[in-house]
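To keep things clear, I will list the structure first and then write my remarks on it.
All values below come from the heavy atoms of this structure, side chains included, with hydrogens, waters and symmetry mates left out. This structure is a prediction, so every number in the text was calculated from the model and none was measured. Letters A, B, ... mirror the listed sequences (proteins, then strands); counts begin at 1.
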Protein chains: 2
Amino acid sequence: MYLMAEPAAQTVALAESLKSLGLTKYEALVYIALLQASEATATEIHEISGVPRASVYPVLERLSQKQLVSVSNTSPRRFNPERPDDAIESLLSSVEHDAARAKTTLNRIYSQSVRRARGDQELIWSIHGGDHIRLRLLEMLQAADENVRIIFYWDHLKGELVERLLSLKKEVKIDIITDGWSGPVPGQINVLVKAPPMEIQKEPVTNWQAGCVFIVDKKKAMVVMGSKDEGFTALYSESVGFVRFFTMYWNFFLNWG
Amino acid sequence: MYLMAEPAAQTVALAESLKSLGLTKYEALVYIALLQASEATATEIHEISGVPRASVYPVLERLSQKQLVSVSNTSPRRFNPERPDDAIESLLSSVEHDAARAKTTLNRIYSQSVRRARGDQELIWSIHGGDHIRLRLLEMLQAADENVRIIFYWDHLKGELVERLLSLKKEVKIDIITDGWSGPVPGQINVLVKAPPMEIQKEPVTNWQAGCVFIVDKKKAMVVMGSKDEGFTALYSESVGFVRFFTMYWNFFLNWG
DNA sequence: TAAATGTTGTTATCATAATAACAACAAGTG
DNA sequence: CACTTGTTGTTATTATGATAACAACATTTA
């Protein structure tokens, strides 16, 4: 007749991590308990983990299937955990296996699908999340043929961006407007250091951390905005109007002050 | 007013794989549908995936959070999938991140726990699953100091086993009884080729694929049994009685016929 | 030894939360 | 207007979490 004893805060976070490896809350708690007391009986596990005694048995059975515990033949039965390194490795490799399978299948579906002809050209796409944006941005820059125009106010990502720019073909002309530049400027890149206009600077409410425009070959544009707190959002488009608008914006910046 | 159109068998299996990467069934189906028709509207996605139209919207919202799709600003909204490679990579790396965190925390718990003194010595442990067994077996052999005795009837695992045996210290004396040996016999290993006794051979019901005994330093023993159909089970113990029993068994095999 | 007590392992039952499925409706569009 | 889109709320359905009851057995105690 136990109530679920509240587990340590650390244990809760840990259980969350283990969930994404395919364990349930109970499976996580029982395994953790077993690490603290190897060769425990079901009752001992119940006392340590706070998992109801009756639930401990099926949970241990599942853990045994997943090869995270071994069982003694004694009575009462005792249980032993697989060592953490091996256990995690085993779970992870199972996920990785699934990931690999999924990847090939998805790629086949993707390549077989009829890619819409008009493509991205007329639409404006919203992209959420820093990583997602980073990926698409680098991808877009990679495809640059003639010139790249950048308004860059983003503390993060500077290094990686420059690296990518330097890897472009030599013909590509690069213009950057930004708030600061450390180190030498490569010949291929044209940097204009400029504080952002007051209108943007004195925005005290939202803690801006990014406000960027990228225009590639006068045909594609990507705009990044957002803060660390509220997350980043980007707009991407190949539409003529969109590109024209932000080219104007770029010119405005270029000639300002 | 659609009923859930039954998706292709392939799609179901795929959805299963994606589940272990943290997607729900609907998330998987919607993403798959989007790969087949990029830039689709919610309704198109609903028609392709079979997911109820009303459910499509929240699902797409979640996928957008997870950075698997981007959204157009048109009306009606259109959706675009992240490319499979990047999508899977993104999901997987999130799991791997959790795995790494869990591993360190679990290891700390494990190392802090009071390891029971009497250890494994008196108990007999059941170990389920081929991988689990493999791990523990190699581990046990690794620790060999003086001698190893093996009765080996297991098609699988032969290569890896021999490799491990060869990596042992030169003082360790190795005796193997098995049904066949290909290639030269290293000096340090003593191989006795022997067909298994009738009593075991003529077991027609259960399709035996493994029946092995491993005795290390006359102190630890592990017995592997089972078939591919029903899965493998191993017993491991350091108990005196257990080791004595299987040493007798080993001697019986050695002198038989 | 017989009765009382406690433990183990199993089963059945119930509760809760997440997901899936459906119906209805308001807003927008041509 | 007819139609589609996007939103909301409600109802299954499932997996998991949680509790209770019980038979089998071991241990204690009179």
Side-chain angles (χ1 to χ4, degrees), chain A residues 1-7 11-12 15-16 18-34 37 39-66 68-69 71-79 122-123 126, chain B residues 1-7 11-12 15-16 18-34 37 39-66 69 71-79 123 126:
Chain A
M1 260 232 270
Y2 276 79
L3 277 185
M4 189 81 172
E6 78 305 332
T11 304
V12 177
E16 275 308 307
L18 289 176
K19 265 193 212 170
S20 65
L21 286 164
L23 298 193
T24 68
K25 181 179 161 194
Y26 276 8
E27 287 167 354
L29 289 177
V30 163
Y31 179 71
I32 294 169
L34 208 45
E39 298 185 28
T41 65
T43 302
E44 289 167 353
I45 293 170
H46 147 66
E47 284 164 352
I48 297 173
S49 65
V51 172
R53 196 178 62 86
S55 301
V56 162
Y57 291 95
V59 168
L60 280 167
E61 172 61 28
R62 277 180 279 162
L63 286 176
S64 179
Q65 298 296 335
K66 291 179 181 171
L68 298 188
V69 310
V71 191
S72 83
N73 289 340
T74 56
S75 172
R77 285 181 283 188
R78 292 181 173 273
F79 302 87
E122 290 311 318
L123 300 177
S126 297
Chain B
M1 261 230 272
Y2 276 79
L3 276 186
M4 188 80 174
E6 78 305 331
T11 305
V12 177
E16 275 308 308
L18 289 176
K19 264 193 211 169
S20 64
L21 286 164
L23 299 193
T24 68
K25 183 178 161 194
Y26 276 8
E27 287 166 354
L29 290 177
V30 164
Y31 180 71
I32 294 170
L34 252 186
E39 298 185 28
T41 65
T43 301
E44 290 168 352
I45 293 170
H46 147 67
E47 283 164 351
I48 296 173
S49 65
V51 172
R53 197 178 59 85
S55 302
V56 163
Y57 291 95
V59 167
L60 281 167
E61 171 60 28
R62 277 179 279 161
L63 287 176
S64 179
Q65 298 296 335
K66 290 180 181 171
V69 310
V71 191
S72 84
N73 289 339
T74 57
S75 174
R77 286 180 283 187
R78 291 182 173 273
F79 302 87
L123 300 177
S126 297

Partner set under salt bridge (Lys or Arg N to Asp or Glu O under 4.0 Å) for A:Arg62, not counting sequence neighbours: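 Checked A:Arg62 against salt bridge (Lys or Arg N to Asp or Glu O under 4.0 Å); matches are A:Glu27.
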
Residues in salt bridge (Lys or Arg N to Asp or Glu O under 4.0 Å) contact with A:Glu61, at least two apart in sequence or another chain: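 Salt bridge (Lys or Arg N to Asp or Glu O under 4.0 Å) check on A:Glu61 returns nothing, list empty.
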
For B:Val59, the option from B:Val30, B:Leu29, B:Leu23, B:Val69 that meets side chain to side chain contact (heavy atoms under 4.5 Å, CB included):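 The side chain to side chain contact (heavy atoms under 4.5 Å, CB included) with B:Val59 is passed solely by B:Val30 among B:Val30, B:Leu29, B:Leu23, B:Val69.
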
For A:Thr24, all residues meeting side-chain hydrogen bond (donor to acceptor under 3.5 Å, both in side chains), sequence neighbours excluded: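 A:Thr24 satisfies side-chain hydrogen bond (donor to acceptor under 3.5 Å, both in side chains) with no other residue.
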
Length of the [atom1]-[atom2] vector between [X] and [N], whole Å:
X       : N     : atom1 : atom2 : value
B:Glu61 : D:dT5 : CD    : P     : 19 Å
B:His46 : D:dT4 : NE2   : C1'   : 12 Å
B:Leu60 : D:dT7 : CG    : C1'   : 14 Å
B:Ile45 : D:dG6 : CD1   : P     : 10 Å

Distance, nearest 0.5 Å, that separates OH of A:Tyr57 from CD1 of A:Ile45: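 It comes to 9.0 Å.
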
Straight-line distance of B:Ile32 CD1 to B:Ile48 CD1, nearest 0.5 Å: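 Rounded to the nearest 0.5 Å, the CD1-CD1 separation comes to 12.0 Å.
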
Shortest non-hydrogen contact between A:Ser64 and A:Val71, atoms and distance: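 Closest approach of A:Ser64 to A:Val71, heavy atoms only: OG-CG2, 4.2 Å.
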
Dump every N/O contact between nucleotides 4-9 of chain C and the protein below 3.5 Å, one line per pair.
unit_1	atom_1	unit_2	atom_2	d
C:dT8	OP2	A:Thr43	OG1	2.4
C:dG9	OP1	A:Arg77	N	2.7
C:dG9	OP2	A:Tyr57	OH	3.0
C:dG9	O3'	A:Arg77	NH2	3.4
C:dG9	N7	A:Arg53	NH1	2.9
C:dG9	O6	A:Arg53	NH2	3.1

Residue list, side-chain contact (heavy atoms from CB on, under 4.5 Å) with A:Thr41, at least two apart or on another chain: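 So A:Thr41 forms a side-chain contact (heavy atoms from CB on, under 4.5 Å) with A:Thr43, A:Glu44, A:Pro76, A:Arg78.
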
So which protein nitrogen or oxygen atoms get under 3.5 Å of nucleotides 12-15 of chain D's nitrogens or oxygens?
none

